[in-house]
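In each ligand, atom 1 is the first atom listed, and ligand 1 is the first ligand listed.
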Amino acid sequence: MKQNRMFHIVTKTWNPITGCYHQCIYCWARKLTEKLRRRGVPKYKHGFKPTFHRNELRKAKYFSENDFIFVSDMGDMWGDWVDARWIIRVLEAIRESKATFLFLTKNPKRYHQFLNLIPDNCFLGATIETNRDMMYFRNRISKAPLPSVRYKAMKELEWEKKFLSIEPILDFDLDVFIKWITEINPKIIYIGYDNYNHKLPEPPLNKTQKLIKELTELGFTVYEKTLRKAWYENKH
Ligand code: SF4
């Protein structure tokens with residue numbers, strides 16, 4: 001199966017801050033970082049330990065106005081552990097650019113701390129894979145803030161360009177999840193299943209299709225990534 005990990009609207013990725021401590025069980029960036037470290041790539045000599053790459057900052061001014069840049073897909077630059085000075089330096093570099101930038105985090109409450117400094121050419125995104133905190137916790141999906149904490153932070157975020165990634169999608173309660181998403185009111189939503197066969201507690205395909213249909217009927221822009229039957233569904 002083709003592994004469909006990037007958002008199709010993204011033209012380039014840019015990693016001035018890498019690494020993450022959320023320890024999601026499905027994390028591909030950690031595995032890729034480890035591979036690059038073993039190959040001796042200097043940028044990843046610290047592995048997945050959060051690291052600031054000052055040399056990357058100057059690239060920002062060379063992005064074109066048609067670029068849609070995914071910032072720090074090799075980590076979570078809004079984790080609580082990230083030095084505020086690093087974040088401010090990245091935001092300053094972005095201010096010099098005409099491109100559009102996408103942030104994605106599992107700790108969106110940190111956006112609130114920097115809201116006055118974030119330039120308008122940024123989409124503020126969060127990954128929220130489910131509305132079910134207890135299932136998330138019991139299955140040890142991640143050490144990131146629970147989905148309900150992310151939902152609340154995104155709902156309260158006063159920002160026009162919000163982005164929501166529901167990937168890898170996990171089983172959910174349709175009415176509650178739709179209520180959450182409606183309250184967050186993202187401009188762009190991506191939905192997709194796990195690409196790496198982690199056997200996550202994912203929903204059946206017809207339930208995900210129903211979610212997409214209802215969100216589309218509500219007027220949301222929903223893009224599909226990997227859509228397939230759940231691993232436990234009969235493939236025949
Ligand atoms: S938040 Fe992202 S980068 Fe961090 S462990 Fe989870 S999947 Fe990996």
Identify whether the distance between the nearest side-chain nitrogen and carboxylate oxygen of [X] and [Y] falls below 4.0 Å.
X: Lys213; Y: Glu217; answer: yes
X: Glu34; Y: Arg37; answer: yes
X: Asp80; Y: Lys109; answer: yes

Notebook entry, point to check: Is a side-chain donor or acceptor of Thr130 paired with a backbone partner of Asp171 at a separation under 3.5 angstrom?
Noted result: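 Such a contact is found between Thr130 side chain and Asp171 backbone.
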Starting from [atom], locate the nearest protein heavy atom and write down its residue, its atom name and how far away it is, to 0.1 Å.
atom: atom 7 (S) of ligand 1; value: Lys106 NZ, 3.6 Å
atom: atom 4 (Fe) of ligand 1; value: Cys20 SG, 2.3 Å
atom: atom 8 (Fe) of ligand 1; value: Cys27 SG, 2.3 Å

Item checked: atom 8 (Fe) of ligand 1 reached by Cys24 (N, O or S, under 2.8 Å) ->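 False for Cys24.
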Margin query: Taking 4.0 angstrom as the limit and counting only heavy atoms of Gln23, give me the atoms of ligand 1 inside it, by number and element.
Written below: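 Near Gln23, the atoms of ligand 1 are 5 (S).
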Margin query: Can you name the atoms of ligand 1, numbered from 1 with element, that are less than 4.0 Å from a heavy atom of Phe48?
Written below: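 Within the 4.0 Å cut-off of Phe48, ligand 1 contributes 3 (S).
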Checklist line | Heavy atoms of other groups near Lys43 NZ, more than 12 under 6.0 Å | finding: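 Counting other residues, nucleotides and ligands, NZ of Lys43 exceeds 12 neighbours.
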Next item on the list: Decide if atom CD of Glu160 counts as having more than 12 heavy atoms of other residues, nucleotides or ligands within a radius under 6.0 Å.
Entry: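 Count not over threshold, so no.
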Notebook entry, point to check: Within less than 4.0 angstrom of ligand 1, does Gly75 place any heavy atom?
Noted result: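 Under 4.0 Å: yes for Gly75.
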